[in-house]
Amino acid sequence: MGRVVVDPGVADPTVRSDQRDEAFRVHVLPELQLLHAMAMRLTRDPHDAEDLVQDTLVRAYRALHRFDGRYPRSWLLTILRNTNINRARKKRPVLVHDEHATFSRLPGHGSAGREGAAEEALNRIPDGAVLGALADLTEDHRTIVLLVDVDGLAYREAADLLGIPVGTVMSRLHRARSALRTGLEQRGHLRGGTT
Amino acid sequence: MMTGWMQRLFRPECHRVQQVMDAWLDGELPVDQAHRVAAHLADCERCGIEADTYRRVKASLAALAPDLRPPADPDALDRLRRFAEDLTTSE
């Protein structure tokens, strides 16, 4: 997909609204689902998430004349984070709320769940063990693992969403995975780096 | 290709590979550097086992993604899409 860049010389964003609309369709609309999912991670509430995405869309639309067309996801996730901070000053935003309740609801946690022959064949670690080890992580560690390994964010995107440097994403992710590995070893599913 | 105890020695190259192991697993390394890491992992038993361990953990998490992702809401997405489309015609 070619980049659609609004002429940076256009100081007044209303002057070239056709250009801005096209940039919005190309850069923003394809990320709507991701924005909604990340808004859910940030707010943990469907109504708050929808409102947050609406506010983010408005801000993004108004800021398009300053966007250079590179890394639209990063740009949008930064706007999402800043919008959420502004919206949620009264209450502390959480990325993973009531995690033990969340994880205990999931199939496979604390029980045989879907563990079985298929997983063995795929060399997968049983779901219950993974969920248990994940629930034991600190919130920061669990969050970075979820953003990268579950939501599929790139390091830069996770950094923009969390408002931290990419280097911090990398070091935090490394510590999180080490802790996850230790948790799995303690559950008897990984042994000292060997299977 | 080394064999036996030499494969299990922790070499300076091992240290460099361990430092970028996460980035390699996540596809965040430039192609040439990723090739060098892959070549080392094929050659070094110790680092190869380490990479396999983390790859297993990562794959297990990915397989759980449908349970661990925030629940999808097609109606909310439809409303947001309409809201976004309205923005481009109303402002």
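All chains are named by letter (A, B, ...) in the order of the sequence lines, taking the proteins before the strands, and each is independently numbered beginning at 1.
In this structure, chain B has a heavy atom under 4.5 Å from the side chain of A/Phe24, while its backbone stays farther away. For A/Leu32, the parts sitting under 4.5 Å from any heavy atom of chain B are the backbone and the side chain alike. Heavy-atom distances place no part of B/Ala72 under 4.5 Å from chain A, backbone and side chain included.
Heavy-atom pairs under 4.5 Å with chain B were tallied for A/Gln33, A/Gln54, A/His36; the largest tally goes to A/Gln54.
Contact of the B/Leu68 side chain with the A/Leu134 side chain is registered, since non-hydrogen atoms from C-beta on lie closer than 4.5 Å. Between A/His189 and B/Arg56, every side-chain heavy-atom pair lies at or beyond the 4.5 Å cut-off.
Here the closest non-hydrogen pair linking A/Arg41 and B/Arg69 is NH2-CA, 3.8 Å. Shortest non-hydrogen contact noted between B/Pro70 and A/Ala37 is CG-O, 3.4 Å.
The cluster map of Ile, Leu, Val, Met, Phe, Trp and Tyr, joined by side-chain heavy atoms under 4.5 Å apart, puts A/Val26 and A/Tyr71 in different clusters.
Remark: A/Leu146 CG to B/Leu64 CG distance equals 10.5 Å, nearest 0.5 Å. If you take CG on A/Leu64 and OG1 on B/Thr88, they are separated by 11.0 Å, rounding to the nearest 0.5 Å. A/Leu180 CG to B/Lys58 NZ: the interatomic distance, rounded to the nearest 0.5 Å, is 11.5 Å.
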Verify side chain to side chain contact (heavy atoms under 4.5 Å, CB included) between A/Val58 and B/Leu87, making sure each step is shown before the conclusion.
CA-CA 7 Å; A/Val58 171; B/Leu87 265 182; 4.0 Å; yes

Quick one, A/Tyr155 with B/Asp22, criterion side chain to side chain contact (heavy atoms under 4.5 Å, CB included). Give me CA distance, side-chain angles, the key distance, then yes/no.
CA-CA 11 Å; A/Tyr155 290 173; B/Asp22 290 288; 3.8 Å; yes

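Other members of the hydrophobic cluster containing B/Leu29, listed by chain and number, are B/Val17, B/Val20, B/Met21, B/Trp24, B/Leu25, B/Val37, B/Leu41, B/Tyr54; membership follows side-chain contacts under 4.5 Å among ILVMFWY residues, whether direct or relayed.
Of the residues listed (A/Val53, A/Leu35, A/Leu29), the one engaging B/Leu80 in a side chain to side chain contact (heavy atoms under 4.5 Å, CB included) is A/Val53, and it is the only one. For the side chain to side chain contact (heavy atoms under 4.5 Å, CB included) test with B/Val57, the passing option among A/Val145, A/Val130, A/Leu184 is A/Leu184; the others fail.
Of all residues spanning residues 166-179 of chain A, those with a heavy atom less than 4.5 Å away from chain B's heavy atoms are A/Met170, A/Leu173, A/His174, A/Arg177, A/Ser178, arranged by number.
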